[in-house]
Q: 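The structure's right below; bear with me while I get my questions together.
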Amino acid sequence: MADPISDLHDAIADAVRGLSGGEVPDLGLERPAQADHGDYATSVAMRLAPVLSRPPREIAEELAAVVGALPGVEAVEVAGPGFLNLRLGADWYRAALAAMLADGADFGRGAPQAGVETLVEFVSANPTGDLTIGSARNAAYGDCVARLLAFTGEPVVREYYFNDAGNQIALFGASLVARRRGEDVPEGGYPGPEVEEIAAALPLADDAPVEEWTRLGIETMMARIRASLERMRVSFDLWTSEQTLHASGAVGAAIERARAEGHVFEQDGATWLRTSAFGDDKDRVLLKADGETTYFAADLAYIDLKFTRGATRAIYVLGADHHGYIQRLKAGAACLGYDPEAVEVLIYQLVTVSGERMGKRRGNVITLDGLVEAIGVDAARYFLVQRSHDQTLDIDLDLAVEESSKNPVYYVQYAHARCASILRKAADEGRLTEGVGAAHVPEGPEAVLVRRLAEWPDIARTAAELRAPHRIVAWAHELAGDFHAFHHDLYVLHEDDDVRAFRLAAVRATAEALARALDLVGVAAPDRM
RNA sequence: GGGUCCGUAGCUCAGUGGAUAGAGCACCAGGCUUCGAACCUGGCGGUCGCACGUUCGAAUCGUGCCGGGCCCGCCA
């Protein structure tokens, strides 16, 4: 795939190699914040100085002579302690624009990688109630990470793991029965309205066996969860049940595998996994003294399943309240003989709503469905990944409900609709153009816009590497701003064919870029609003 | 006590070692006779929690403090 900035980077790297005799440090190629520092700048001369034992400015001067002759580079200037500031020429802008349009929706997409398969397991909420706002963040974030990795060429499998065995599930069944009978749910049960709703709707007699209630209840709850996720545009390739792991003997097999690896021991009547040998702060019980398996035993079997199925990397998306699981899961993999580095746990911080923490016991539960009803899927997804996953997220419901221009999602979508509108008008008037204009020299706002567009491959790559979809959102917002300014200052459907061709090409490229970016975060890019 | 995330403008937050630290909101002042004013332009606003260190250069890396969130079970 074409990448004009990457090409520029490589050309400068070649120049550096010629000067240094092989050594090429990080170029530190970037778009300077300040306009008079050029369109692009590199700090490579300063990085090279200690290596070559020469003054940075002297190195910069020599590099400038070579870099200045590169195609597309109009001017080079040595500045400050040894920065190389370069200004790009009109031919570079036209070529860059043409290259992006040639790639279309694939601009910035990575080549498919062979021999790897990344499993992204996310949401994985137990089917004992509707998805909460916390799961909503998990869904939005995990889905974006999966989309980003796929975009960079990494084969991705998405999986939802659900707990349908054990105490919590039994309590869920008992809660259903109690609700049908008009009673309070048992201690530790599920008092939510959805439980009451399901209890009333299930086609079961009041005195049907509790196992039946549990089975049908879970089925119904899972269907509700799937529907909620579909509305959120979140899909999965695999739905895996914990019960299946027990029934298939996978749990026992995993324990035996760990035992064969020499990491299982008996103590106080229980069976333990020596996770502390691999960085966990304590050992973990697999089989309790009463013979029951722990939840972690199923986790262990699940890790085994992930890798035996062929995953080369297992990503977990968990809330901050599970951060203690990182070492445990990695150690679990190690105890099975897998590389713990292949287990990657992504932790997102908790969500508050209008400053308050949610909790079923607090009686202020806001569900994913509730959020979507209140502000719509686009705004919900945008808000949920707008901030870094490392940052606690507060959703101001009063503001989110307000459908005003304060809502940043409209700002970005509006830019896309504007592009579409211009292209419609151009088509209606029969004034569409081919190419990017043979000799048009871009004016300020045009150049700013094209430079922004050219950042995309690096933005996508970095966001994927850092598992940071909020960078996509931030970039889309900046692009929208550059486009609005461009549109405000310059008339696209100019009489001059050359000018019109360049501007229409910029509009097309912007529309595609916004659609691409918004798609990666699961937000629609409407042609009309 | 240990682990982990956070601390940047009045508020919510960007900023993977670079030059004079940014955006949105709020506030103030402007801008529609052509493509969508759901928009644009300017202004106001900062000890980047504190200290020491690493180096040509630190909001960014290291160490120690201070403050806040979350977690630390033979529960799931």
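Letters go in sequence order (proteins before strands), and every chain restarts at 1.
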Q: To the nearest Å, how far apart are A/Tyr161 OH and B/A76 P?
A: 12 Å
Q: Ring-plane angle category for A/Tyr295 and A/Tyr161, please: parallel below 30°, perpendicular beyond 60°, tilted otherwise.
A: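 If you compare the ring of A/Tyr295 with that of A/Tyr161, the planes turn out perpendicular.
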Q: Can you figure out which of B/A76, B/G36, B/U16 approaches the side chain of A/Asn167 most closely?
A: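 It is B/A76.
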Q: State the pairing partner of B/C27; accept Watson-Crick or G-U wobble contacts with both distances under 3.5 Å, and report none otherwise.
A: B/G43
Q: For B/C61, what is the paired nucleotide under Watson-Crick or G-U wobble rules, both distances under 3.5 Å?
A: B/G53
Q: Could you state the interatomic distance from CG (A/Asp39) to CG (A/Leu8), rounded to the nearest 0.5 Å?
A: 10.0 Å
Q: State plainly whether the residues A/Glu465 and A/Arg471 are in salt-bridge range, i.e. N to O under 4.0 Å.
A: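 Looking at A/Arg471 together with A/Glu465, the answer is no, because their closest N to O distance does not fall below 4.0 Å.
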Q: Describe the nucleic acid contact of A/Thr392 in one word from base, sugar-phosphate, nothing, applying a heavy-atom distance below 4.0 Å.
A: sugar-phosphate
Q: Within the 3.5 Å criterion, strictly below it, is a donor on A/His470 or A/Gln391 matched to an acceptor on the partner's side chain?
A: no
Q: Does the side chain of A/Lys288 get closer than 4.0 angstrom to OP1 or OP2 of B/G73 through an N or O atom?
A: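 For B/G73, OP1/OP2 do not have a side-chain N/O of A/Lys288 under 4.0 Å.
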Q: Starting from P on B/C13, measure out to CG on A/Asp394 and report it in whole angstrom.
A: 7 Å
Q: Quickly work out the A/Lys282 NZ to B/C75 P distance and round it to whole Å.
A: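 Computing the A/Lys282:NZ to B/C75:P distance gives 13 Å.
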Q: Name the pairs: protein N/O against N/O of nucleotides 18-22 of chain B, kept only if under 3.5 Å.
A:
| from | atom 1 | to | atom 2 | distance (Å) |
| --- | --- | --- | --- | --- |
| B/G18 | N7 | A/Ser43 | OG | 3.2 |
| B/G18 | N7 | A/Arg47 | NH2 | 3.1 |
| B/A19 | N6 | A/Asn85 | OD1 | 2.5 |
| B/A19 | N1 | A/Asn85 | OD1 | 3.2 |
| B/A19 | N1 | A/Asn85 | ND2 | 3.2 |
| B/U20 | N3 | A/Gln34 | NE2 | 3.0 |
| B/U20 | O4 | A/Gln34 | NE2 | 2.7 |

Q: For B/C13 versus B/G7, give the span between their C1' atoms, rounded off to a whole number of Å.
A: 12 Å
Q: 5'-most contact on RNA chain B: A/Ala289 or A/Gly324, nearest heavy atom basis?
A: A/Gly324
Q: Do A/Arg508 and A/Glu512 sit within salt-bridge range, that is, some charged N less than 4.0 Å from a carboxylate O?
A: no
Q: Which part of the nucleic acid, if any, lies within contact of A/Ala417, taking any heavy atom under 4.0 Å across all strands shown: a base, the sugar-phosphate backbone alone, or nothing?
A: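 Base contact - A/Ala417 has a heavy atom under 4.0 Å of at least one base atom.
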Q: Rounding to an integer number of Å, can you tell me how far A/Arg471 CZ sits from B/A23 P?
A: 18 Å
Q: What integer distance in Å separates A/Asp283:CG from B/C72:C1'?
A: 15 Å
Q: Side chains of A/His484 and A/Arg418: any donor to acceptor distance under 3.5 Å?
A: yes
Q: Expressed in whole Å, how much space separates the P atoms belonging to B/C25 and B/U33?
A: 24 Å
Q: Say we look at B/G57 and B/U8: how far apart would their P atoms be, to the nearest angstrom?
A: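 It works out to 27 Å between them.
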Q: Specify the closest pair of heavy atoms between A/Gly173 and A/Thr214, including all atoms of both residues, with the distance to one decimal.
A: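 In this case the closest contact between A/Gly173 and A/Thr214 is CA-OG1, 3.3 Å.
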Q: Students often get this wrong, so: under 4.0 angstrom with heavy atoms, is A/Ser388 touching a base, only sugar-phosphate, or nothing?
A: sugar-phosphate
Q: My understanding is that a pair needs two contacts under 3.5 Å, Watson-Crick or G-U wobble. By that rule, which nucleotide pairs with B/C75?
A: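 Partner of B/C75: none found under 3.5 Å.
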Q: Using heavy-atom distances to pick each residue's nearest nucleotide on RNA chain B, tell me which of A/Leu350 and A/His470 is more 5'.
A: A/His470
Q: Which value, rounded to the nearest 0.5 Å, describes the distance between A/Asp283 atom CG and A/Gln267 atom CD?
A: 8.0 Å
Q: On a whole-Å scale, what distance lies between the P atoms belonging to B/G45 and B/G1?
A: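 Roughly 41 Å separates the two P atoms.
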Q: Considering only B/G36, B/U12, B/C74, which nucleotide approaches the side chain of A/Met529 most closely?
A: B/G36
Q: Consider the side chain of A/Arg387, meaning its heavy atoms from C-beta on, and name the nucleotide among B/G36, B/C40, B/C13 that approaches it most closely.
A: B/C13
Q: In terms of side-chain heavy atoms of A/Ala485, which of B/C75, B/C40, B/A14 is nearest?
A: B/C40
Q: If B/G22 has a Watson-Crick or G-U wobble mate with both distances under 3.5 Å, name it; if not, just say none.
A: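 When the pairing criteria are applied, B/C13 turns out to be the nucleotide that pairs with B/G22.
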Q: Taking the inter-plane angle between the rings of A/Trp272 and A/Phe265 on a 0 to 90° scale, is it parallel (under 30°), tilted (30 to 60°) or perpendicular (over 60°)?
A: parallel
Q: Are A/Lys306 and A/Glu159 ion-paired here, with the side-chain N under 4.0 Å from a carboxylate O?
A: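 No, this pair does not count.
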Q: What is the distance, to the nearest angstrom, from the CZ atom on A/Phe486 to the P atom on B/G36?
A: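 It is 13 Å, rounded to the nearest whole Å.
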Q: Any donor-acceptor pair under 3.5 Å linking the side-chain atoms of A/Gln168 with those of A/Asn126?
A: no
Q: May I ask you to evaluate whether A/Gln391 reaches the phosphate of B/A14, defined as a side-chain N or O under 4.0 Å from OP1 or OP2?
A: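 For B/A14, OP1/OP2 do have a side-chain N/O of A/Gln391 under 4.0 Å.
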Q: Report the nucleotide, chosen from B/C71, B/C40, B/C35, that has the shortest atom-to-atom distance to any side-chain atom of A/Asp321.
A: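 The closest nucleotide is B/C71.
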Q: Distance check, P atoms only: B/G49 and B/U12, in whole angstrom units.
A: 15 Å
Q: When you compare B/C6 with B/U16, how far apart are their P atoms, in angstrom units rounded to a whole number?
A: 12 Å
Q: Give the rounded distance in Å between these two atoms: CD of A/Glu242 and P of B/A76.
A: 9 Å
Q: Between B/C74 and B/C70, how many Å separate the two P atoms, rounded to a whole number?
A: 23 Å
Q: Return the nucleotide paired to B/C35: Watson-Crick means purine N1 to pyrimidine N3 with N6-O4 or O6-N4, wobble means G-U with N1-O2 and O6-N3, both under 3.5 Å.
A: none
Q: Kindly say if A/Tyr411 contacts the phosphate of B/G36, meaning a side-chain N or O under 4.0 Å from OP1 or OP2.
A: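 Looking at the OP1 and OP2 atoms of B/G36, neither is under 4.0 Å from any side-chain N or O of A/Tyr411.
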Q: Tell me which residues in residues 487-507 of chain A put a heavy atom below 4.0 Å from RNA chain B, sorted by number, or none.
A: A/His487, A/His488, A/Leu490, A/Tyr491, A/Val492, A/Leu493
Q: In this structure, how many angstroms lie between the P atom of B/C74 and the CD atom of A/Gln267, rounded?
A: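 It works out to 11 Å between those atoms.
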Q: Between A/Glu194 and A/Arg224, does any NZ, NE, NH1 or NH2 come within less than 4.0 Å of an OD or OE carboxylate oxygen?
A: no
Q: Does A/Gln349 reach a base, just sugar-phosphate, or nothing at all? Heavy atoms under 4.0 Å.
A: base
Q: Heavy atoms only, 4.0 Å cut-off, all strands: where does A/Arg284 land among base, sugar-phosphate and nothing?
A: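 The residue A/Arg284 makes no contact with any strand.
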Q: Using atom C1' of each nucleotide, how far apart are B/G53 and B/C44 to the nearest Å?
A: 37 Å
Q: Would you give the length of the straight line joining atom CZ of A/Phe83 to atom CD of A/Glu77, rounded to the nearest 0.5 angstrom?
A: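 It is 12.5 Å, given to the nearest 0.5 Å.
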